[in-house]
2 protein chains.
Amino acid sequence: MAVAKKEGEEGGAEAPSLWERMERPAPLPRASLTLERIAAAAVEIADEEGGAAVTMRRLAGKLGVAPMAAYRHVDGKDDLWALMIDRVSRDLTVPEGTTDWREVLRSYALQSRELMLAHPWMAAMPTSVIMLTPSRMAVAERQLAALAVCGLDADSMMAAFRAVTSFVHGSAQTEIALRDYQERNGWTSGDETRQALAPQMRYLISTGRYPAFEQYALGATRKDDRAWEFAFGLDCVLDGIGLRLGV
Amino acid sequence: MAVAKKEGEEGGAEAPSLWERMERPAPLPRASLTLERIAAAAVEIADEEGGAAVTMRRLAGKLGVAPMAAYRHVDGKDDLWALMIDRVSRDLTVPEGTTDWREVLRSYALQSRELMLAHPWMAAMPTSVIMLTPSRMAVAERQLAALAVCGLDADSMMAAFRAVTSFVHGSAQTEIALRDYQERNGWTSGDETRQALAPQMRYLISTGRYPAFEQYALGATRKDDRAWEFAFGLDCVLDGIGLRLGV
DNA sequence: CATCCATGTGTACGTTGTACGCAAGAAGAT
DNA sequence: ATCTTCTTGCGTACAACGTACACATGGATG
């Protein structure tokens, strides 16, 4: 696809960004389309039919409008994705009273996992990681602020925040990909999945090249406890950060 | 860049008359396709022109073959991706002598980051995380084995391995997304990027809602040292695992 | 020599993102 | 009132995509 570079407006007033436009008061009576409505419709489609179902035509259909109408409000599909990410990310909140850095980061992490599991299409857009939409800025600010009061230097503060975020995204992505894979094959439980994959697994084991995998297959007791696994990793990261805060 | 290709196909789009077919070129020498050749060509395209440029037609063109030819060897695009991932993942190696768990995991993590930065299209396929291709199985086995000898139970062993992997993928994805974003806008350095984003940044700061971001913007000295940031997060995860190994 | 099968070819269909020009109504100026 | 201009939605159109399907061909096998 052509990487069209939107050239900036020379000299004149800056083109209002998507977010500035979003905070703008009343779009006009004539305007039946708003960014709010567009975002809501797109998220609804993605939640119900998967991220791939969010096409400009499908979206227009849901909005009761011609296929090209949404382009008056949104630059393209990237903009639309940003809108969607921002909208669902508004659900991320931590009680105001909480000040302990670890509690803040941990809470956001657990919520982020839940959020991505609830909106699996989020995992399919890699750029979502860096998209600084208003609601994601708020989340980041909250976490950075919690770290800042612990005496960490600016660089370490950001690195620690990003470490947690990276783990959360990578982890949720894996979990979603795994779940999708199971669903695509119609397997409804971990046992069913393992049973279906048993032949392949037996072959791999028989090669003798994967003793550690075999050890896991035989000895593990929490193979399907994804929440535990997530918490394990998360606590590893948080412990590591804790060490650097001088505990 | 919108590639305006469409090079002359022999025969053209004209009606293929009987006579035309009669003196059709000699029985062209069959260049037999192999999975190896297909994978190599696909990776080459992705490396040179980006993951989005890997289309079945472009691939066929590079292989000197008709658009549909590759389908005899590959089920579809998902298969092709798996092939590509497996191929580049062969580059991940750790000296045989290394036995220390931390050294093994750390080395693979650093190499994985380099690998993804060298093949940024890897970040664009979310399912890559769970794809157990042969070369990725080998990598996983090596890391699990390193953890297994430390007395960790099977569940924790897998959880620890996945924690590191998740961090690495999430982290590399962010880094790549950020780099792509810069390149797409023609910014060639961190300073140039910040300068270009300054207006937006000023607006955000002016709202007073992001004091921690402001603190970072003012106080950070390693804003562009991505390798350092990666190592920071990685060591956090490894330290956390270390704590659980009773070290 | 006949037959089969694996492999490459060609055409074709449905779907996608979106560029571009037009239309309808509101707002401001004359 | 009339005219211009801006905003918003509509409709057509196009290139590119993945891939289904029917056909062609040539080496292996009987």
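Only this structure's heavy atoms are used, side chains among them; waters, hydrogens and symmetry mates stay out. In what follows, every chain begins at residue 1, and chains take the letters A, B, ... in the order their sequences are listed. Everything numeric in this text was worked out from a predicted model, so none of it was measured.
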Mind calculating the distance between [atom1] ([X]) and [atom2] ([N]) to the nearest angstrom?
X       : N      : atom1 : atom2 : result
A:Asp79 : C:dG17 : CG    : P     : 14 Å
A:Asp75 : D:dT8  : CG    : C1'   : 15 Å
A:Leu63 : D:dC10 : CG    : C1'   : 15 Å
B:Leu59 : D:dT19 : CG    : P     : 12 Å
A:Leu80 : C:dT16 : CG    : C1'   : 14 Å
A:Trp81 : C:dT16 : CH2   : P     : 14 Å

Checking only heavy atoms, does the side chain of B:Arg57 share a donor-acceptor pair with the base of D:dT19 at less than 3.5 Å? yes
[X] side chain, from C-beta outward: closest of [options]:
X       : options                : value
A:Met68 : C:dT9, D:dG11, D:dG18  : D:dG11
B:Tyr71 : D:dC10, D:dT19, D:dG9  : D:dT19
A:Met56 : C:dG17, D:dC17, C:dG8  : C:dG17
A:Arg72 : D:dT19, C:dG21, C:dC20 : C:dG21
A:Lys77 : C:dG8, D:dC10, C:dT18  : C:dT18

As an exercise, state the distance from CD1 of B:Ile38 to CZ of B:Arg87, rounded to the nearest 0.5 Å. 11.5 Å
Spacing of CG belonging to A:Leu132 relative to OH belonging to B:Tyr210, to within rounding of 0.5 Å: 9.5 Å
Does B:Ser32 have a side-chain nitrogen or oxygen under 4.0 Å from the phosphate oxygens OP1 or OP2 of C:dT7? no
Below 4.0 angstrom from OP1 or OP2 of D:dG9, is there any side-chain N or O of A:His73? yes
Heavy-atom donor-acceptor pair, B:Arg90 side chain to B:Ser135 backbone, under 3.5 Å: no
Test: A:Lys62 and A:Glu49 ion pair at under 4.0 Å: no
Is there a donor in the side chain of A:Arg136 and an acceptor in the side chain of A:Ser89, or the other way round, less than 3.5 Å apart? yes
Let me know, please, whether A:Pro67 or B:Ala70 comes out on the 5' side of the other along DNA chain C by nearest nucleotide. B:Ala70
